[in-house]
Enquirer: 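The structure that follows is given in the form of structure tokens.
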Amino acid sequence: MSERRIRGTRKKKDPNAPKRSLSAYMFFANEQRDVVRAENPGIAFGQIGKLLGEKWKALDAAGKVPYEAKAEEDKKRYELEKLEYQKTLA
DNA sequence: GGCGTGATTGTTAGG
DNA sequence: CCTAACAATCACGCC
């Protein structure tokens, strides 16, 4: 039953809440957003979302590499904040 | 020792 | 301001 808790009501979890990190999608979306939207002037968000996601994997495992790479480095970013958060929280 | 959970991340668009 | 598809994530805490 792991239905990704559809973001209905974000609840607080930690006092400092370091917030995890981004995902490969976020980095990929960062580039697609201006690209996809540029090719789809006036496209509705609902369509972009789908069209974006299908293309996301549609490109190539190596294509997402750069995004993955950033996702990994971003994680480290969160890793640090969370570490500091734990220490400061404790 | 292995497990599941929840929380979060960012984009788009419009009322 | 918020939500919803789209996807990944993945660290955290726990017995």
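The chains referred to below are lettered A, B, ... by the order of the sequence lines, with proteins before strands, and numbering in each begins at 1.
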Enquirer: Using links of under 4.5 Å between side-chain heavy atoms of ILVMFWY residues, direct or through other members, which residues join V65(A) in one cluster?
Expert: none

Enquirer: Give every residue pair that meets the ring pair (Phe, Tyr, Trp, His ring centres under 6.0 Å) criterion with at least one member in residues 29-55 of chain A, sequence neighbours excluded.
Expert: none

Enquirer: Tell me, please, which residues at least two apart from I43(A) pass side-chain contact (heavy atoms from CB on, under 4.5 Å).
Expert: N40(A), Q47(A), I48(A)

Enquirer: Among all residues two or more places apart in sequence or in another chain, which pass the side-chain contact (heavy atoms from CB on, under 4.5 Å) test with L59(A)?
Expert: F28(A), K64(A), Y67(A)

Enquirer: For DNA chain B, determine which residues of residues 47-63 of chain A have any heavy atom closer than 4.0 angstrom to one of its atoms, and list them numerically.
Expert: none

Enquirer: Roughly what angle, to 10°, lies between the helix axis at the start of the helix from dG1(B)-dC15(C) to dG15(B)-dC1(C) and the one at its end, five pairs per end?
Expert: 50°

Enquirer: Mind checking what makes side-chain contact (heavy atoms from CB on, under 4.5 Å) contact with A71(A), not counting sequence neighbours?
Expert: A24(A), F27(A)

Enquirer: What nitrogen or oxygen pairs link the protein and nucleotides 13-15 of chain B at under 3.5 Å?
Expert:
residue	atom	partner	partner atom	Å
dA13(B)	OP1	R37(A)	NE	2.5
dA13(B)	OP1	R37(A)	NH2	2.7

Enquirer: Near DNA chain C, counting only heavy atoms under 4.0 Å, which residues of residues 19-35 of chain A show up?
Expert: R20(A), S23(A), Y25(A), M26(A)

Enquirer: What N/O pairs connect the protein and nucleotides 13-15 of chain C at under 3.5 Å? Give each pair on its own line.
Expert:
none

Enquirer: Taking only residues at least two apart or on different chains, which pairs with a member in residues 31-45 of chain A satisfy salt bridge (charged side-chain N to carboxylate O under 4.0 Å, His left out)?
Expert: none

Enquirer: Under 4.0 Å, heavy atom to any atom of DNA chain C: which of residues 71-78 of chain A qualify?
Expert: K75(A), Y78(A)

